[in-house]
Protein chains: 2
Amino acid sequence: MVTLAEVAQHAGVSASTVSYVLSGKRSISATTRQRVEESIRELGYHPNAGARALASNRSNIIALMIPLRTDMYVPVMMEIAIAVATTARTHGYDVLLLTGEEGPDAVRRVTGSGLADAMILMDVELEDERLPLLRDGGVPAGAQSRAGDDQPSVLIGLPADTDGLTCVDLDWTATGALCVEHLAGLGHRDIAVIGEAPAVYERHTGFAERTLDGLRSRARETGVRLLHRPCEGGYDAMAVTLARIFDERPGTTGFVVQNESAVEPLLALLRQQGRAVPEDVSVVAICPDQVAVQASVRLTSVAIPAQEMGRRAVEHLVAKLDGRGGDGVVLLPPELTERASTGPATAAS
Amino acid sequence: MVTLAEVAQHAGVSASTVSYVLSGKRSISATTRQRVEESIRELGYHPNAGARALASNRSNIIALMIPLRTDMYVPVMMEIAIAVATTARTHGYDVLLLTGEEGPDAVRRVTGSGLADAMILMDVELEDERLPLLRDGGVPAGAQSRAGDDQPSVLIGLPADTDGLTCVDLDWTATGALCVEHLAGLGHRDIAVIGEAPAVYERHTGFAERTLDGLRSRARETGVRLLHRPCEGGYDAMAVTLARIFDERPGTTGFVVQNESAVEPLLALLRQQGRAVPEDVSVVAICPDQVAVQASVRLTSVAIPAQEMGRRAVEHLVAKLDGRGGDGVVLLPPELTERASTGPATAAS
DNA sequence: AGGAGATGTCGAAGCGCTTCGACAATCACT
DNA sequence: AGTGATTGTCGAAGCGCTTCGACATCTCCT
């Protein structure tokens, strides 16, 4: 193990000088800097993370809390996680992976031990039990908040009360509205929504409920009839749901699908029933572009910008850690890409 | 920030006593222990991770290196990652998430800085460039390996040369063999393999090549004809591949699918062509059970035991860190579950 | 030419913890 | 009663780094 002191000796300078070369916090003459850098390279020196964390009170680690459950769409989570990790690295941070399992205790543990400098939470519920620990930088109300002594956090997702929090999320309400708008614009009057699994709604996950709000309010505005049915993923569940939908609203010509694992089953079933997409029935999906493109019909879709969300979350967090920028909510505007699964409502349908 | 010293003062003991209560490395009288524990609770003390790492030369962090690319089946990665994280926690470790992006440098950085005590690598290639840094606990050949001073690692995946390495993987060769065996046993003489995307083979990812080996050698043994075609996921690619297969081998009645994103497209296409599953054509998939169950036909499949792999990897690593157990290769035996997608080959087909 | 201000370097303190050796106090035997 | 082992606690050193104030040098202005 090579230490700072050894580098200093090798370069013929003091330890503090080496430290300043590394951190750049004081000016160092070009010649000295070169000599030190040379020694670092020659000896293969790597600063000890623990010592650094102890002395500087900064670990350069961001904690990322991901949900344990797998009823959410996994590829999106993964994409966010990877975006977080790579973006963090570009800012000199590493990422600690926490699962939701420990719940609020994980927040306390990480905060208390100084293991991480900051936190990103995914899959936030509307009334999340972790939130009280995070508001206003994690400093309990009434405590003196010395600068740099708090634990900034960013949520990916939007709780009911965003006071004192920083959040990044897709604007799900607008997403819902956009889907209805698109179908309504094509003349569809009867739209069915294939929602997430019932468990997702029961948990009061913000995105699911907000999407529904958006769908409904725009449906009201455009005079469209909306039928919302939660649906577990998979073929069998989709078959049951679809049958019910056509029972209740035989005239349904538009579909909005939020549960990605229902997309392909839906298309297969429609085909099987002799309903052509998009001639007889139009389908809009809310899913990553990759899914939309790979499906058996190229899907008109609103993309879930997973990478963007991860990236933005980290950038906000880093800004906070650097003392720039405070709380606030970032809602990414949805974008609808028209592909081959939607078309004008026909009289025949 | 509550420190050890404050706890000691509050409990009326010395700092070292508190430390020993925490670590259990020396015996402490019951009364003292209680008093200390009481103080810890009362003050809400959390040991500082940096200080601990510095003093003990142990960070209690395991680094997990996941691939950046998304051409591998993502849910499997995610499941492994989550299993690693939760298992690690039960052993008192946290998990640091590294992406493949930095490559071998990440290994050096983490090893050199003492950020992590150990490492788990996923998506290992047959001749992975990170391997030289890991052999024999990460200690360069010739160096004196003091106990506890090295960086144990476990690979999830199997490189060509496993000397001085610890590996956990599904036995892909046996998996391939098992698939052919099952189909051959049902009387199928012409089997097509829908492989991973070409890029996966080009990268010399062990699992893809080994599966193929297993498939081929068992095909030879059972006198079955095998046609292997790599396939990007998605509907269009699958359509092209399938057409080619039936062109070249019109008598094909058995399919083995390794690329999960080709499963549903394959089923849809077969249906479309009027080939019934399992009456006309049998399909065996290599995929997580969840996928097999949710598909439009309940698939006979060999499961990918993602959780098991993650768990085993951590357990091996912890054993190494505790000085128990050394290197070695763990190959999990594949298990085939018969569902509704395979049946006897009929004369008609 | 002389002093004010930059500029570059150093020594030392200290971050919060672990761990080693020392030392009382207690206990179990002759 | 005296010895040796055992048990429980403490003080101090030190892990490798950052950072503050001090100091020596150099630069530039009047």
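Reckoned from all heavy atoms, side chains included, excluding hydrogens, waters and symmetry mates.
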Q: With rounding to the nearest 0.5 angstrom, report the CG to CG distance, B:Leu155 to B:Asp128.
A: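 Separation between the atoms: 8.0 Å.
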Q: Can you work out whether B:Gly50 or B:Ser23 has the more 5'-proximal nearest nucleotide on DNA chain C?
A: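 Whichever sits nearer the 5' end wins; that is B:Gly50.
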Q: Is it the case that over 12 heavy atoms from other parts of the model lie below 6.0 angstrom from the CD atom of B:Glu125?
A: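 Yes, the 6.0 Å shell around CD holds more than 12 heavy atoms from other groups.
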Q: Could you walk me through whether A:Ile82 and B:Ile66 satisfy the side chain to side chain contact (heavy atoms under 4.5 Å, CB included) test, starting with their C-alpha distance in whole Å, then the side-chain angles of each, then the deciding distance to 0.1 Å, before giving a yes or no?
A: CA-CA 9 Å; A:Ile82 289 179; B:Ile66 62 172; 3.9 Å; yes
Q: Treat primed atoms plus P, OP1 and OP2 as sugar-phosphate and everything else as base, then score nucleotides 5-14 of chain C 5' to 3': B for base contact with protein heavy atoms under 4.0 Å, S for sugar-phosphate contact only, - for none.
A: --SSBBB--B
Q: Quick check on D:dT18: is either OP1 or OP2 less than 4.0 Å from any side-chain nitrogen or oxygen of A:Arg52?
A: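 Answer yes for this pair, as a side-chain N or O of A:Arg52 is under 4.0 Å from OP1 or OP2.
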Q: Would you call A:Arg311 and A:Glu308 a salt bridge, taking side-chain N to carboxylate O under 4.0 Å as the test?
A: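 Salt bridge present between A:Arg311 and A:Glu308.
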Q: Using whole Å, what does the distance between atom C1' of nucleotide D:dG8 and atom CD of B:Gln34 come to?
A: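 Going from B:Gln34 (CD) to D:dG8 (C1'), I get 15 Å.
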Q: Atom CD in B:Glu37, atom CD in B:Gln34: separation rounded to 0.5 Å?
A: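 Interatomic distance, B:Glu37 CD to B:Gln34 CD, rounded to 0.5 Å: 7.5 Å.
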Q: Are OP1 or OP2 of D:dT18 and a side-chain N or O of A:Ser19 less than 4.0 angstrom apart?
A: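 Result: yes.
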Q: Could you tell me, to 10°, how much the axis swings from one end of the helix from C:dA1-D:dT30 to C:dT30-D:dA1 to the other, five pairs per end?
A: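 Angle reported: 30°, given to the nearest ten degrees.
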Q: Between B:Lys25 and C:dT18, is there a contact of a side-chain N or O with OP1 or OP2 at under 4.0 Å?
A: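 B:Lys25 to C:dT18 OP1/OP2: no side-chain N or O under 4.0 Å.
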Q: Could you check how far CD of A:Glu6 sits from C1' of D:dC15, rounded to whole Å?
A: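 To the nearest whole Å, that distance equals 13 Å.
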Q: For A:Asn60 and D:dG16, what is the distance between atoms CG and C1' respectively, to the nearest whole Å?
A: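 Between C1' of D:dG16 and CG of A:Asn60: 16 Å.
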Q: Figure out the CG/C1' separation between B:Asn48 and D:dC17, and round it to whole Å.
A: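 Taking atom C1' of D:dC17 as the reference, CG of B:Asn48 is at 13 Å.
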Q: Identify whether the distance between the nearest side-chain nitrogen and carboxylate oxygen of A:Glu38 and A:Arg41 falls below 4.0 Å.
A: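 Between A:Arg41 and A:Glu38 there is a salt bridge, with a charged N closer than 4.0 Å to a carboxylate O.
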Q: Rounding to a whole Å, what distance do you find between A:Leu54:CG and D:dC15:P?
A: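 After rounding, the reported distance stands at 13 Å.
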Q: Check the distance between C:dG16's P and B:Met1's CE and give it to me in whole angstrom.
A: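 Checked: the CE to P distance equals 7 Å.
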Q: Walk me through whether A:Leu165 and A:Leu131 qualify under side chain to side chain contact (heavy atoms under 4.5 Å, CB included).
A: CA-CA 8 Å; A:Leu165 297 172; A:Leu131 297 183; 4.1 Å; yes
Q: Whole angstroms only, please: what is the CG-C1' distance between B:Leu4 and C:dC15?
A: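 To the nearest whole Å, that distance equals 13 Å.
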Q: Do the side chains of B:Asp94 and B:Arg89 get close enough for a salt bridge, i.e. N-O under 4.0 angstrom?
A: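 Looking at B:Arg89 together with B:Asp94, the answer is yes, because their closest N to O distance falls below 4.0 Å.
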Q: If only side-chain N and O atoms count, and only distance matters, is there a donor-acceptor pair under 3.5 Å linking B:Ser19 with B:Ser16?
A: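 Distance-only check fails for B:Ser16 and B:Ser19.
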Q: Please give, in whole Å, the distance from D:dC17 C1' to A:His46 NE2?
A: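 Interatomic distance, NE2 of A:His46 to C1' of D:dC17: 16 Å.
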